Chemist: 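Just dropping this structure here.
What you see below is based on every heavy atom in this structure, not just the backbone, and it leaves out hydrogens, waters and symmetry mates. Remember, predicted model here, so these are calculated numbers, not experimental data.
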Number of protein chains: 2
Amino acid sequence: MFYICSMLSYTEENYLKALLKLSFQNEDKPEAGTNEMAAYLGVKPATATDMLKKLKEKELVTYKKYGKILLTETGKQNGIAILRKHRLWETFLYEKLDFSWDEVHEVAEQLEHIQSAKLVDKLEEFLNFPEFDPHGDPIPKANGEIPTIDKVLLSELKENELCKVVAVKDTSTLFLQYLEKLRITIGTPIKVLERIDFDGSLSIQIAGEEARNVSMKFAESLFVKR
Amino acid sequence: MFYICSMLSYTEENYLKALLKLSFQNEDKPEAGTNEMAAYLGVKPATATDMLKKLKEKELVTYKKYGKILLTETGKQNGIAILRKHRLWETFLYEKLDFSWDEVHEVAEQLEHIQSAKLVDKLEEFLNFPEFDPHGDPIPKANGEIPTIDKVLLSELKENELCKVVAVKDTSTLFLQYLEKLRITIGTPIKVLERIDFDGSLSIQIAGEEARNVSMKFAESLFVKR
DNA sequence: TATAAAAGTTAGACTAGTCTAACAAATATA
DNA sequence: TATATTTGTTAGACTAGTCTAACTTTTATA
């Protein structure tokens with residue numbers, strides 16, 4: 001149970017976090033490839049290969065030449081610790097400092113690397129132990145547990161189904177700003193009025209307002225709870 | 001008035017801050033020497049020389065070989081911006097997250113490098129535009145102005161003078177913890193009962209409690225307002 | 001004022017993280 | 001299954017920031 005190692009560089013932390021995120025994406029098999037990882041981090045594959053050797057040396061990942069990359073338990077816990085910090089800071093920025101949905105990420109990318117166990121725990125307490133961040137993503141607990149919530153994509157609902165927004169799948173600025181324009185936020189109730197099979201678009205009712213059409217791309221970017 | 005440049009590295013920021021701090025210390029002449037600066041930053045003089053060339057290139061300092069180092073106006077404003085962040089974060093940690101006097105500095109050293117103009121200004125607003133940090137040091141305003149307060153060392157007071165603690169000169173953990181033990185904090189009233197000429201020590205009354213002796217070293221580490 | 005001491009600089013080397021270009025292995029497909 | 005494509009690795013180079021060791025300039029002092 002002595003997983004979190006504080007002697008990681010800024011860069012190493014970013015690699016671990018990327019690996020963790022990729023493992024969430026590829027749910028069935030939590031591995032990643034070198035190119036995939038490099039693309040995610042915005043570096044060249046050669047660079048990723050080098051770092052991988054270092055992470056392997058430190059027993060944070062298992063991998064062999066030309067093989068897939070997998071986080072060790074230590075690597076995973078370290079990644080989770082960073083994700084925890086990231087999401088707590090996002091929550092702080094959104095709730096206490098009036099940052100908007102799409103502004104929090106960039107600053108949290110920096111704040112997540114601050115080293116101080118006390119700071120993280122005090123921050124969590126100050127925020128009243130939030131379970132989800134402003135995007136609806138779960139905030140890992142101090143022990144590494146990650147809260148869950150059952151959610152489905154808006155696109156999976158049938159006609160006449162009612163739901164509440166619980167998270168965004170796409171966190172791009174464009175999408176988040178569109179959501180703000182539609183006055184959709186975490187918790188907003190939505191009713192599916194009609195499904196247009198032709199292009200997968202939906203006619204929905206947002207918070208009891210008048211009907212509005214949204215694209216399939218939109219419906220596949222929003223998580224809701226029935 | 002377009003002073004703050006955001007393209008400074010973590011290290012460059014530290015050099016500018018060090019130079020600014022040294023210029024406060026050497027009040028009469030705000031210059032510094034290479035060795036002095038290196039010592040302050042915990043690097044070797046050779047390293048400081050290299051960085052100086054870089055800072056000169058960027059017009060953040062003026063200096064010539066074997067000469068003294070002086071911040072340019074741009075350099076000074078950048079230094080002040082970092083100091084502002086440092087002291088705002090210290091205030092946040094102390095007031096909102098219950099950090100103790102002597103714990104805030106280390107974490108603020110990291111937080112001061114977060115790049116986001118919005119963050120700093122929102123933080124200042126969230127803290128209600130504090131003028132002084134937990135150690136009583138002035139927090140620079142967004143425009144670079146630094147609040148002042150007239151303060152003297154406790155050691156300068158005469159017998160029977162009354163005062164209030166406004167800042168600490170020494171910010172070492174040992175001193176801060178001693179202050180906590182004595183239940184002295186910013187704002188605590190103190191009366192000088194007796195000055196012992198033999199060793200410069202004082203007999204003082206803290207917040208109306210019974211008399212207590214403090215050393216000359218102590219009296220020279222605490223700033224008060226008459 | 002000559003010289004010793006202090007202060008500052010240069011040259012060359014190292015590490016972490018990055019790149020490009022060339023190559024090797026694995027996989028997909030004709 | 002042979003080959004083309006994709007994926008991943010190696011080698012060599014670069015930058016920022018650091019070091020040590022040797023050297024130079026300034027300053028303090030005998």
Chemist: Dot-bracket for DNA chain D: what is it, with Watson-Crick or G-U pairs under 3.5 Å, [ ] where a pair crosses earlier ones, and | for a pair to another strand?
Modeler: ||||||||||||||||||||||||||||||
Chemist: Could you list the residues that satisfy ring pair (Phe, Tyr, Trp, His ring centres under 6.0 Å) with Y178(B), not counting sequence neighbours?
Modeler: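 For Y178(B) the ring pair (Phe, Tyr, Trp, His ring centres under 6.0 Å) partners, ignoring immediate neighbours, are F218(B).
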Chemist: Along nucleotides 8-14 of chain D, 5' to 3', which nucleotides get a B, which get an S, and which get a -, given that the test is a protein heavy-atom distance under 4.0 Å?
Modeler: BBB----
Chemist: Rounded off to whole Å, could you give me the NZ-to-P distance for the K44(B) and dA21(D) pair?
Modeler: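 Whole-Å distance recorded here is 10 Å.
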Chemist: Is there side-chain contact between L202(A) and L154(A), with heavy atoms separated by less than 4.5 Å?
Modeler: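 With C-beta onward as the side chain, the pair touches.
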Chemist: What is the nucleic acid contact for Y15(B), judged by heavy atoms within less than 4.0 Å: base, sugar-phosphate only, or nothing?
Modeler: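 Y15(B): backbone/sugar contact only, no base atoms under 4.0 Å.
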Chemist: Which whole-number value in Å describes the distance from L41(A) CG to dC19(C) P?
Modeler: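 Rounded to whole Å, this separation is 10 Å.
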Chemist: With sequence neighbours left out, which residue pairs that include part of residues 9-55 of chain A fulfil the ring pair (Phe, Tyr, Trp, His ring centres under 6.0 Å) condition?
Modeler: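 Sorted pair list: Y10(A)-H113(A).
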Chemist: Name all residues meeting the side-chain hydrogen bond (donor to acceptor under 3.5 Å, both in side chains) criterion together with Q177(A); count only those two or more places apart in sequence or in a different chain, and write none if there are none.
Modeler: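 Q177(A): side-chain hydrogen bond (donor to acceptor under 3.5 Å, both in side chains) contacts with D102(A).
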Chemist: Is there a donor-acceptor pair closer than 3.5 Å between any side-chain N or O of D137(B) and the backbone N or O of D133(B)?
Modeler: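 Here the side-chain-to-backbone pair does not exist.
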Chemist: Under the rule for side-chain hydrogen bond (donor to acceptor under 3.5 Å, both in side chains), what residues qualify as partners of E103(B), not counting sequence neighbours?
Modeler: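 side-chain hydrogen bond (donor to acceptor under 3.5 Å, both in side chains) check on E103(B) returns K118(A), S100(B).
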Chemist: What's the CG-C1' distance between L55(A) and dA16(C), to the nearest Å?
Modeler: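 Checked: the CG to C1' distance equals 13 Å.
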Chemist: State, yes or no, whether a side-chain contact exists between K169(A) and L222(A) at a heavy-atom distance under 4.5 Å.
Modeler: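 A side-chain contact is absent here, since even the closest heavy-atom pair is not under 4.5 Å.
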Chemist: Is the distance from the ring center of H135(B) to that of H105(B) below 6.0 Å?
Modeler: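 They do not qualify: ring centres at least 6.0 Å apart.
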